[in-house]
A.B. asks: 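Take this structure, written in structure tokens, and hold onto it; I'll ask about it next.
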Amino acid sequence: MPARFADATRAREVALAFDLRQLPADYYANPYPTYHALREYSPVHRLPDGGYFLSRYADCVTLYKDTSAFSSDKKREFQPKFGQSLLLEHHTTSLVFNDPPLHTRVRRIIAGAFTPRAIADMEAPLTQLVDGLLAAMAAKGSAELVADLAAAVPVEVIGNLLAVPHAERGPLRAWSLAILGALEPVLSPGQRERGEQAVAEFLAYLVRLVADRRAHPGDPARDVLTRLIMGETHGDRLAEPELLHNVIFILNAGHETTTNLIGNGLFALIEWPEERARLLARPELIRPAVEELLRFESSNQFGNRVTTRAVAVAGVAMPEGAFITIGIGAANRDPAEFPDPDRLDITREPNRHLAFGSGAHVCAGLNIARLEGRIAIGRFLARFPAYRLNGAPVRGGRARFRGFLSIPVALA
Ligand code: HEM
């Protein structure tokens, strides 16, 4: 896939006309020429709806670091988008879309719950789960990497983290896709309805799960849900809706993003056979390889902030209340930070990518996601070193969450 437009006039035109609400069809397969064009010709790009899109690494970092000028609170943005609805209640109660004090309280409780012990405990069951999935693929002789591996791993990991009973995990993934789907730049009536329905069903399910966990608490060193409930009763109290919506958020945050890390990662290793060969020769490179895969095809392409006062970003004046999209995928291909940015280099060093964001809201589950990526990608590769496409992969067709719906492969 070419990472740049061949001709400068076209690149300039694309940059100046860039509109998040009207993305051209070819953007979804390969957004990188557009990102390079933006960085070159309109790095702090004014969108037709009055918002801004940032594509330079340094500008994105500036936004992440300054939480007083750039707020995560989305009430003003989501009110007109969602109207009075459960989707509005959900997305405006999640910690990720809040500033202090709600953000600080919830973040403290969650960070305290994702203990190194809880994460270390995940490794053995995760390895066992992945090996079981690989054995099932071996028996079939071929695989569909998303359904057979990438989507199957996160639902179990997050389910284990919150100790959701196995028999009740079935609907979690569909709820999660529907709720996060409602965050796309443009929302169809169908997407809105599916999202609304998913929040309603998820809440109804969690009310029962939380009541049950209150009655039968788990081990707080291992069970995040018990920890969140305890946090609620000891001092720092989360009101019931805060607790429920943030549990939904944790369940959602860890699904599609991690599925796409695994799917995008294994796809990139098909397209970059020399890097796959290096990783096969030196499996210990899986750590830096996962970082590079996160940079190269970031599963979450956008972050969002709103200005709390009149500010200037890279010399461009913005009024108070301006909506800004942080181009994570663009920043991660910025040659000013990453030499030869369109090359996959599994030993890239340094690699300060923004796939998990940065600053106060940096992904709270980043070490869980990394562990899942290392085990799923590393073990798949070791078992099926010669895997290759045996059909056309299908992309998800979404701008914010970049990934595939299916990647059919032959295993030998
Ligand atoms: C490859 C997988 C993942 C990616 C790319 C990813 C990406 C991100 C990004 C970019 C943010 C920052 C949002 C912002 O600044 O506005 C974030 C926040 C968050 N993520 Fe992840 N994430 C991943 C996996 C996970 C997992 C597995 C979990 C939980 C188990 C998780 C839980 C969270 C939470 C709780 C936040 C909110 C943090 C806050 O607002 O303080 N994420 N994630």
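Both ligands and their constituent atoms are indexed starting at 1 by order of listing.
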A.B. asks: With no hydrogens and no angle check, just 3.5 Å: does a side-chain donor-acceptor pair link N300 and T257?
C.D. replies: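 No pair is found: no donor N or O on one side chain lies under 3.5 Å from an acceptor on the other.
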A.B. asks: Can you confirm, on distance only, whether ligand 1 has an N/O atom lying under 3.5 Å from any N/O atom belonging to T258?
C.D. replies: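 T258 vs ligand 1: no N/O contact under 3.5 Å.
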A.B. asks: Check whether any heavy atom of A360 sits under 4.0 Å from an atom of ligand 1.
C.D. replies: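 Judged by the 4.0 Å heavy-atom criterion, A360 does count as contacting ligand 1.
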A.B. asks: For the residue pair W175 and Y205, categorise the inter-ring angle as parallel (less than 30°), tilted (30 to 60°) or perpendicular (more than 60°).
C.D. replies: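 The rings of W175 and Y205 sit tilted, inter-plane angle from 30° to 60°.
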A.B. asks: Would you say H103 has any N or O atom under 3.5 Å from an N or O of ligand 1, going by distance alone?
C.D. replies: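 Checking ligand 1 against H103, an N or O pair does fall under 3.5 Å apart.
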A.B. asks: Tell me, which protein residue and heavy-atom name are nearest atom 12 (C) of ligand 1, and how many Å apart are they?
C.D. replies: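 That would be H361 O, 3.4 Å.
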A.B. asks: Quick one: does G303 get a heavy atom under 4.0 Å from ligand 1?
C.D. replies: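 It does not; every heavy atom stays at 4.0 Å or beyond.
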A.B. asks: Are Y52 and H45, when compared by the centres of their aromatic rings, separated by less than 6.0 Å?
C.D. replies: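 They do not qualify: ring centres at least 6.0 Å apart.
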A.B. asks: Does ligand 1 have an atom under 4.0 Å from some heavy atom of R305?
C.D. replies: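 In this structure, R305 qualifies as a contact of ligand 1 - some heavy atom is under 4.0 Å.
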A.B. asks: Check each heavy atom of V96 against ligand 1 and say whether those closer than 4.0 Å belong to the side chain, the backbone, both or neither.
C.D. replies: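 The part of V96 near ligand 1 is both the backbone and the side chain.
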A.B. asks: Return yes if some donor-acceptor pair links the side-chain N/O of E184 with the main-chain N/O of A399 below 3.5 Å, else return no.
C.D. replies: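 Such a contact is found between E184 side chain and A399 backbone.
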A.B. asks: Please work out which of the three classes, parallel, tilted or perpendicular, describes the rings of Y32 and Y35, given edges at 30° and 60°.
C.D. replies: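 Perpendicular.
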A.B. asks: Return yes when S72 approaches ligand 1 closer than 4.0 angstrom through a heavy atom, no otherwise.
C.D. replies: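 Under 4.0 Å: no for S72.
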A.B. asks: Would you check if the side chain of R278 reaches a backbone N or O of D345 as a donor-acceptor pair within less than 3.5 Å?
C.D. replies: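 Flag not set: sc R278 to bb D345 has no pair under 3.5 Å.
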A.B. asks: Taking CD in Q22 as the centre, count heavy atoms belonging to other residues, nucleotides or ligands within less than 6.0 Å. Is the count above 12?
C.D. replies: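 Atom CD in Q22 is not packed in, count stays at 12 or less.
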A.B. asks: Output yes when a side-chain donor or acceptor of N332 lies under 3.5 Å from a complementary backbone atom of L354, and no otherwise.
C.D. replies: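 Checking the backbone N and O of L354 against the side chain of N332, a donor-acceptor pair under 3.5 Å is found.
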A.B. asks: With heavy atoms only and a cut-off of under 4.0 Å, state how I368 meets ligand 1: side chain, backbone, both or neither.
C.D. replies: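 Looking at I368 and ligand 1, just side chain atoms fall under 4.0 Å.
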A.B. asks: R370 near ligand 1, heavy-atom distance under 4.0 Å?
C.D. replies: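 It does not; every heavy atom stays at 4.0 Å or beyond.
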A.B. asks: Using a heavy-atom cut-off of under 4.0 Å, does the side chain or the backbone of I158 touch ligand 1, or both, or neither?
C.D. replies: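 The part of I158 near ligand 1 is the side chain, not the backbone.
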A.B. asks: Heavy-atom pairs closer than 4.0 Å: do any link ligand 1 to the side chain of S299, the backbone, both, or neither?
C.D. replies: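 Under 4.0 Å from ligand 1, S299 contributes side-chain atoms alone.
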